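Structure first, commentary second.
All figures in this text were calculated on a predicted structure; none of them were measured in a lab. Reminder, nothing fancy here: chain letters follow the sequence lines and each chain counts from 1.
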Protein chains: 2
Amino acid sequence: MIKLPLFRNRLQNIFDCFGKSIIMDEAFSKGKILVNINDIARLAGVSKATISRVLSRSPHVNESTRKRIQKIIDDNGFEPSHLARNLSRRKSQTIGIVIEDIANPFFISISSEIEKILYEKKYNMMISSSQWNRDKELEIVQSMIRSSVDGFIIAPISPDSEAVALLKRTGRPFILMNTFSEDPDVNYVSTDDIEGGKLAARHMYSRLRKDEKIILVTGYEHQNLSRRMEGFFLYMESKGIERDQITHYRNINTYNDGLAIVPTILMRSKLKSNKASIFITSDDIAMALQEGLLQNGRTLPEDIRIIGYDNIEFSRRCRIPLTTVEQSQKDIGIIAAMELLELINNPLKEVKQYLLPPRLILRDSNP
Amino acid sequence: MIKLPLFRNRLQNIFDCFGKSIIMDEAFSKGKILVNINDIARLAGVSKATISRVLSRSPHVNESTRKRIQKIIDDNGFEPSHLARNLSRRKSQTIGIVIEDIANPFFISISSEIEKILYEKKYNMMISSSQWNRDKELEIVQSMIRSSVDGFIIAPISPDSEAVALLKRTGRPFILMNTFSEDPDVNYVSTDDIEGGKLAARHMYSRLRKDEKIILVTGYEHQNLSRRMEGFFLYMESKGIERDQITHYRNINTYNDGLAIVPTILMRSKLKSNKASIFITSDDIAMALQEGLLQNGRTLPEDIRIIGYDNIEFSRRCRIPLTTVEQSQKDIGIIAAMELLELINNPLKEVKQYLLPPRLILRDSNP
DNA sequence: TTGAAAGCGTTACCAG
DNA sequence: CTGGTAACGCTTTCAA
C-alpha cells in the first residue's frame, strides 16, 4: 500500500497518466507526470528562480543558459501554471465582461471587438450574461471577483444596480457600457440615445403621409430605452405631435414577443386599412415585427414603414433591410477595452465618459 | 520610508484602497484592504482550517461556530480566491471551448447550450476561436493548459491537428465536436454529414426542372464539408448525374466571399437565362448568395433554388427563408457538455462517439 | 470538532 | 548573472 502525505492527489496524478507518452522518466518513476518549474530546474541543474526568469523573459540571464533552459522547457512540453503565477503576481491577466444577453447580436459584436484588443494585449476575457436579472448580475460579479479578474466591463441592468455598487465600493476597476451614470467618478461608454430617438423621429416625420398612424414599440424598461423614447417624443412634440397620438406597445423583449404582438397591433391600430410608421427600439424586435406583418399579408414598406435601432450585422440581411439608428458596436468595444486597460494600469487616471453619436442608416424598410 | 518584504505588492494593495469604504479597521491600519482567509480566521478567533471548512460546507464543523463565521464572512464581503483554491485543489472548475469562429451563429448557439449546463454544474467556461488557423489553435490549447482548465470541447480544424494530438498525448479530457475521428479512443459528437449531403441532394433532385443547372458552393476544406459534398455527389450519381455535370465553386468562406462570387456564378453558369438549383454547405454563405442574386435581379425561388446547411437561428428570418439541412445545435451542445463532465469525473469511462442524424427543413428558398 | 503544518507552482526580494 | 527563500491564499492530512 502506497503511503504518501497527499495520497489522493498523487493518485489523481497517476490516473492522469493513462494514454500519455512519458518524456521525463525520472519524474515518472516517482508517479508524477505533470511537469512543473521544479522539475525543469532540476533537469537543468539551476535554481527555479532562473527558470522563472527565462519564463518571464527577464534580461538578467545568461544567453547561453537561457537557450539551454528553453530547450529543456520545449522538449518536456512544460506549460507554466497561470494559477500559480497569478496567485503570486496578484493579478490574473483576465478581465470580466458582464452583459445582459450573450446571444444578442449587438453584444456579440461588441464582445468580439473587445476580444481582439485583449488578445493583442495578452489579456484573457471571461464573459457571462445576467439575463436582465439583478440577482444573477450580482452573483456573476461576485464570482468574477473570486476569480480575481483584474477589471470589469459591464453593461448593467441599471447604473445603480447592486453589482455596480459593489464594484464601486470595493474600488475595483470597471467601465460601464451601454449605460451612462450621473456619478462623475464612473467611467462609461454609451451612445447618445436621446439624440438617437430624435434621429428616428426626424426621419419618420419627414416621410410621414396623411393620416398615417405612429406606433412605438419598446422592450425592457432600461435606461437606454427610456432615453430613446424620450428623444423620439421630444422631436415629435416639437412638430406638434403629442404623446397621446402615438400608440405605444411596451415590454416586447424577445423575437417571439415581437411575433406575438403583431395581431394585437394589426387589430388595435386598425392596420388592415391604415398605413403606419413604426419605431422599434431594437433591430432584433424590428425584424420580428417585419416578419409578422409580412405573414399577415401587409406590404412593406408601402403600407407600413419600420425604423429599428442598433444596426446589428443582420439588419442589412433580413427580409426587408432595416432603416435603423446605428450605435457603433466597434467603437463601443474598442473604447471600453482600451479605457479599462488604462484604468487597470493607472488607477488614478482621469475619468472618461463617452457618449457616442448615433447615426441614421437608410434602407428599404423606411427609405 | 516603509520597509516591507514585498513592498511593491503592498503598495498596489494600498492603491486599491482609493474609493473604498473600509470595514476592517484592523487590517486597514496595516495598509491591507483585500480580505483573505487569514483575516477572517483572526477576526473569528479560529484557525483558517476551520474557515476553509465552512467555505466548502464541510459537515465537520460545529453549527454555532459555522453561523458565527458565516456572518463574519458576509459582513466583510469576503470572496475566497479561486486562484488559491484551484491551485491547492489541482482543478479549476473551468472548461475550455475551442471553436473555429466565435462570431459564427452556429457555434454561438452551441456555446450557449453548453454554458447553460456548465452553469448548472458550477463550472466556468473559457472560449476562444482558432480562425481556421492551426497555429492559433495550438496556441489556444496551450494557453488553456496553462490556465489549468479541467477539460476541453474542441471543434478542431482537423481531427489530427496538432492541438488534438497534444491533448491526446498529455491525456487531458476532451471531446471533439463537429468532427469525427477514426481513433476508437476519441470521444466525439458530430452530425452525419454524408447523410446530410444526401438529404440535400434528394430534395434538390425531386424538385429538379428540365435543363436546370446544378451548382455546389463550398467553403474551407474541412472534413465536414468534404463529407457533405461526398453525400451530395453520391446521391446524384445514384440518379445518373455525374460529378462533372455539377458546377463547383470552392473556398467561399465568408459572407463577403459569398457576395463577391455572385457575378462569376451568373456569368459562368449563364444564370441570366438558365434556371438553377444551388446547394451551399453553410447557411451563412447561402444567405450571401441569396442576397447577391436578388440584387442582380434574379427572382427566388422561381429562377434559382437554394438549399443551405446548418439551420441556424437566422435561416428562417432571412430574405427568403432557407430550405436547409439541420444539425441540432442544441443536441450537440448538450451532449458535448454532459460527456465531458462525465469524462472529467471518471477518466476511465467508456468512449462515446455520436453521429447525430441531420434533418431536412423545408422553407421558401426551395419549397 | 478543531488546529498545526505541509503542500500547490509560481514570483520577487535580497544577498552574493 | 544566479541562488535561496518568503510569500501568494487556499486545502488537506494528521494528530489531538
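Between the CD1 atom of A:Ile37 and the C1' atom of D:dT2 there is a distance of 14 Å, given to the nearest Å. A:Leu83 has its CG atom 11 Å from the C1' atom of D:dC10, to the nearest Å. Note: CG (A:Leu87) to P (C:dA12) measures 12 Å, nearest angstrom. Protein atom NZ of B:Lys67 is 14 Å distant from nucleotide atom P of C:dT1, rounded to whole Å. A straight line from CD of B:Gln93 to C1' of C:dC8 spans 16 Å, rounded to a whole angstrom. Whole-Å rounding puts the A:Arg68 CZ to D:dT2 C1' distance at 12 Å. Straight-line distance from the NE2 atom of A:His82 to the C1' atom of C:dT11: 14 Å, rounded to whole Å. Note: CD1 (A:Ile69) to P (D:dC1) measures 13 Å, nearest angstrom.
Looking only at atom types and distance, the side chain of B:Ser130 has no donor-acceptor partner in the side chain of B:Glu100 under 3.5 Å away. Between A:Asp183 and A:Ser181, the side chains place no donor N or O within less than 3.5 Å of an acceptor N or O (distance only, hydrogens not considered).
Between A:Glu113 and A:Lys116, at least one side-chain N (NZ, or NE/NH1/NH2) sits under 4.0 Å from a carboxylate O, which counts as a salt bridge. Taking a cutoff of 4.0 Å between a charged side-chain nitrogen and a carboxylate oxygen, A:Lys349 and A:Glu339 qualify as a salt bridge. Using a 4.0 Å cut-off between charged nitrogen and carboxylate oxygen, B:Glu139 and B:Lys136 do not count as a salt-bridge pair. Salt bridge B:Lys71/B:Asp74: absent, no basic N to carboxylate O contact under 4.0 Å.
A cation-pi arrangement is absent between A:Lys352 and A:Tyr188 under the rule of less than 6.0 angstrom and at most 45 degrees off the ring axis. A cation-pi arrangement is absent between B:Lys168 and B:Phe174 under the rule of less than 6.0 angstrom and at most 45 degrees off the ring axis.
You'll find that the side chain of B:Arg89 is closest to D:dT11, out of D:dT11, C:dC8, C:dT10. Side-chain proximity of A:Lys48 to the nucleotides D:dC8, D:dT5, C:dA4 is greatest for D:dT5. Relative to the side chain of B:Asn36, the nucleotides C:dC8, C:dT11, D:dC10 differ in distance, and D:dC10 lies closest.
For the helix from C:dT1-D:dA16 to C:dG16-D:dC1, the angle separating the two terminal helix axes comes to 30°, with each axis derived from five pairs and the value rounded to 10°.
For the OP1/OP2 pair of D:dG9 and a distance below 4.0 Å, the side-chain nitrogens and oxygens of B:Ser81 include no atom meeting the criterion. Distances shorter than 4.0 Å separate some side-chain N or O of A:Arg85 from OP1 or OP2 on C:dT11.
One can find a donor-acceptor pair under 3.5 Å joining the base of C:dG7 and the side-chain atoms of B:Ser88.
Taking a 4.0 Å limit (strictly below) on heavy-atom distances, residues 49-66 of chain B reaches DNA chain D at B:Ala49, B:Ser52, B:Arg53.
In this structure, A:Arg134 has no salt bridge (charged side-chain N to carboxylate O under 4.0 Å, His left out) partners at least two apart in sequence or on a different chain.
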